[in-house]
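Chain letters run A, B, ... following the sequence lines, proteins first and then strands; every chain starts at 1.
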There are 2 protein chains.
Amino acid sequence: MTVTIYDVAREAGVSMATVSRVVNNNPNVKPQTRKKVFEAIERLGYRPNAVARGLASKKTTTVGVVIPDISNATYAEVARGIEDIANMYHYNIILCNADKKKEKEIRVINTLLEKQVDGLLFMGGTVTEEHIQAFKTSSVPIVLCATADENNTMPAVDIDHEKAAFDAVQMLIDNGHRRIGMISGTLQDPALGYARYHGYKNAMEQAGLPAGDEWVRAGNYRYESGIEAMKYFLSLKERPTAIFSATDEMAIGAIHAIQDEGLRVPDDISVISVDNSRMASMVRPQLTAVAQPMYDIGAVSMRLLTKLMDKESVEQAKFTLPHEIIQRKTVAQLS
Amino acid sequence: MTVTIYDVAREAGVSMATVSRVVNNNPNVKPQTRKKVFEAIERLGYRPNAVARGLASKKTTTVGVVIPDISNATYAEVARGIEDIANMYHYNIILCNADKKKEKEIRVINTLLEKQVDGLLFMGGTVTEEHIQAFKTSSVPIVLCATADENNTMPAVDIDHEKAAFDAVQMLIDNGHRRIGMISGTLQDPALGYARYHGYKNAMEQAGLPAGDEWVRAGNYRYESGIEAMKYFLSLKERPTAIFSATDEMAIGAIHAIQDEGLRVPDDISVISVDNSRMASMVRPQLTAVAQPMYDIGAVSMRLLTKLMDKESVEQAKFTLPHEIIQRKTVAQLS
DNA sequence: CTGTTAGCGCATTCAG
DNA sequence: CTGAATGCGCTAACAG
């Protein structure tokens with residue numbers, strides 16, 4: 001039925017070891033016998049069995065990737081970065097959505113490890129003690145990707161979410177704004193919710209500006225929740241002159257809510273957000289936002305993983321990629 | 001170092017066959033010895049080696065997925081549908097981006113097959129004769145997903161792209177429009193470019209309306225190209241009263257170009273597109289579009305694949321999922 | 001440069 | 001209900 005390395009050996013009149021050598025590009029084979037073997041392979045339509053190879057060599061050339069949700073544009077971008085670099089180093093990736101649910105995350109980590117991946121990239125919600133325990137049972141390297149590690153004990157690559165938020169708010173302050181509202185994510189979410197909220201809070205307090213609960217409205221990252229949150233701010237007697245949104249999508253909702261009220265962005269109210277997704281330049285006016293290098297986060301973390309898998313000594317196991325404010329049209333200077 | 005089934009057997013005082021049985025939930029094991037084995041597994045921290053299992057059983061419980069680009073929202077949606085169903089049937093997926101490049105597609109198909117996937121889901125550009133040849137060498141089932149198969153010889157699930165375009169244009173016609181421009185994709189792309197163009201052309205000709213080259217402008221699916229294409233239509237002495245766009249993103253570009261010209265959507269010019277991505281409801285006015293059930297395409301194709309892998313007889317191997325027009329605010333009736 | 005020999009860790013007959 | 005034996009297809013020493 002299936003043609004094996006043994007069949008090729010017989011067909012070519014050599015030993016299976018020799019066939020293995022030519023298949024694996026081992027230079028120690030006479031060109032002529034190499035040719036014979038290739039011909040036999042061709043004739044038989046031989047295809048190496050990577051599973052058998054994996055069992056014998058203890059390497060599968062595949063890495064596991066646990067991701068919150070591949071249909072989320074931000075993570076999909078990271079995934080693309082991962083896959084491009086993986087490909088470059090001849091790895092394939094097994095992709096598992098885990099929706100930031102601890103149980104699901106732990107479960108897929110284990111099945112990935114059972115599948116003998118050569119390494120693991122973890123992208124999730126909070127990294128709990130249980131996660132660490134699961135990681136500890138691994139004999140292959142694991143790197144955290146776009147997710148925070150409280151105890152700072154694992155190799156990781158991420159951006160500084162709190163600083164990103166801080167910088168965005170600081171820019172608003174530098175432009176003369178003093179009443180600045182925030183549309184946050186869920187505060188339970190460490191990176192997107194909590195860290196960004198803290199960045200906002202720090203920037204405000206450091207400038208001696210008010211940042212009490214009445215200035216923060218939690219959304220669920222989606223457009224509609226941005227509209228809802230903005231409606232609240234619009235209903236205040238003392239409206240904010242600027243809004244800091246934890247995501248582009250909510251920011252766009254806010255912009256539309258403002259416009260629906262007959263007000264103008266940025267003339268009446270400024271808006272800034274974090275993400276800089278493709279949508280940021282697809283609204284009118286175009287959205288000013290803090291850009292997160294998601295593709296790079298994926299690429300760098302995969303590159304780091306390859307080094308770890310190769311047992312190269314890495315000087316640094318913690319990378320914080322720089323963010324950047326992309327100035328477009330939604331922030332005005334207050335006179 | 002690594003603990004094997006044999007270690008567990010010794011620890012539990014049984015044979016490895018028995019351990020294998022309990023690990024695989026074989027009922028033919030006395031509860032008491034089952035318990036002993038589980039304890040030994042726990043004590044040793046045994047983790048089954050899926051690669052060895054794969055070699056012995058000739059099943060890897062993983063399927064290969066070749067996809068154009070995971071960072072494209074449309075395909076990411078399909079991928080999520082695939083993974084959800086895969087998960088449900090206890091499969092994992094190996095994800096490979098192939099960018100609709102034939103060489104890359106053929107290459108990943110082969111490496112996926114080498115990895116002994118139990119099945120393959122193919123999502124790509126044109127399915128050429130070379131693709132078919134590669135598919136033929138497979139001993140595992142393959143289903144086409146969201147991609148056309150000229151020769152109609154493979155199991156496949158997709159929508160009727162041409163009909164979707166036809167329906168969109170027909171709706172414009174039904175609303176009294178007679179001068180309808182199209183912003184198309186690249187005509188080399190069979191599904192997104194060519195098929196949608198044909199749908200437009202058929203609808204127009206069937207209604208005795210003009211659909212010559214001056215009424216069609218090719219974009220590259222992106223926002224900016226939608227703006228460019230629309231500028232052309234706006235420059236015409238006899239402007240179209242409606243635009244059919246091959247994608248949401250270009251449609252949004254068109255809307256903004258129209259608004260920048262001081263015109264209004266849909267009062268002056270109507271716009272309809274195909275996709276119904278999340279952005280469709282994030283523009284003002286909200287975009288009327290033909291919805292494609294991308295998640296379902298992924299889910300259905302994966303489900304079909306599981307049946308094929310189980311050697312169930314499937315009554316039907318060709319699925320065309322229904323599309324639907326989501327009426328929002330960008331199409332006006334001409335009086 | 002090439003062949004021989006052992007496993008890799010497990011599922012799977014086949015006996016008992 | 002359980003154990004012994006065999007082999008899945010390949011890599012990796014080790015000889016020669």
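OP1 and OP2 of C/dT4 both lie 4.0 Å or more from every side-chain N or O belonging to A/Y6. At D/dC1, none of the side-chain N or O atoms of B/T18 fall inside 4.0 Å of OP1 or OP2 (strictly under the cut-off). At least one side-chain nitrogen or oxygen of A/T33 sits closer than 4.0 Å to the OP1 or OP2 atom of C/dT2.
Going from atom NZ of A/K36 over to atom P of C/dC1 covers 14 Å, rounded to whole Å. The distance from atom CZ of B/R10 to atom P of D/dA4 is 14 Å, rounded to the nearest whole Å. Rounding to whole angstrom units, CE of residue B/M16 and P of C/dT13 are separated by 15 Å. Rounded to whole Å, the distance from CG on A/N24 to P on D/dG9 is 17 Å. The NZ atom of B/K115 sits 18 Å away from the P atom of D/dG9 (whole-angstrom rounding). Here the P atom of nucleotide D/dT2 and the CD atom of B/Q32 are 9 Å apart, to the nearest Å. Between B/L55 atom CG and D/dC10 atom P the separation is 9 Å, expressed in whole Å. Atoms NZ (A/K59) and C1' (D/dA12) sit 13 Å apart, rounded to a whole Å.
The B/K58 side chain lies nearest to D/dG9 when the options are D/dG9, D/dC10, C/dT2. Comparing C/dT12, D/dT11, C/dG9 by their nearest atom to the side chain of A/R53 picks out D/dT11. Which of D/dT2, C/dG9, D/dT11 sits closest to the side chain of B/T4 comes down to C/dG9. Of the candidates C/dC1, C/dA11, D/dT11, C/dC1 carries the atom nearest the A/N28 side chain, counting heavy atoms from C-beta on. Considering only the side chain of A/I5, D/dC10 comes nearest among D/dC8, C/dC10, D/dC10. Taking only side-chain atoms of B/R21, from C-beta outward, the nucleotide of C/dC14, C/dT4, D/dC8 with the closest atom is C/dC14. Between D/dC10, C/dG3, C/dA11, one nucleotide has an atom nearer to the side chain of A/A17 than all others, and that is C/dG3. Each of D/dC10, C/dT2, D/dC1 was ranked by its minimum atom distance to the side chain of B/K30; first place goes to D/dC1. Picking from D/dA4, D/dG9, D/dC8 the nucleotide with the shortest atom distance to the side chain of A/T2 gives D/dG9.
Judged by distance alone, the side chain of B/N24 and the main-chain N or O of B/N26 form no donor-acceptor pair under 3.5 Å. A donor-acceptor pair is defined here as one N or O able to donate and one able to accept, closer than 3.5 Å; such a pair exists between the side chain of A/S57 and the backbone of A/K59.
Of the two residues contacting DNA chain D, namely B/S15 and B/S57, the nearest-nucleotide position lying further toward the 5' end is that of B/S15.
Atom NZ of B/K30 is surrounded by 12 or fewer heavy atoms from other residues, nucleotides or ligands within 6.0 Å.
Salt-bridge annotation for B/D84 and B/R303: absent, with no side-chain N of the basic residue lying under 4.0 Å from a carboxylate O of the acidic one.
Among the protein residues, A/N49 comes within range of the sugar-phosphate backbone only, with heavy atoms under 4.0 Å from sugar or phosphate atoms but none that close to a base. The residue A/V14 sits close only to the backbone: its heavy atoms come under 4.0 Å of sugar-phosphate atoms, none of a base.
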* From CA spacing to verdict: side chain to side chain donor-acceptor pair (under 3.5 Å), B/T61, A/K115 -> CA-CA 10 Å; B/T61 62; A/K115 297 228 170 178; 3.2 Å; yes
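Centroid-to-centroid, the aromatic rings of A/Y194 and A/H161 stay 6.0 Å apart or farther.
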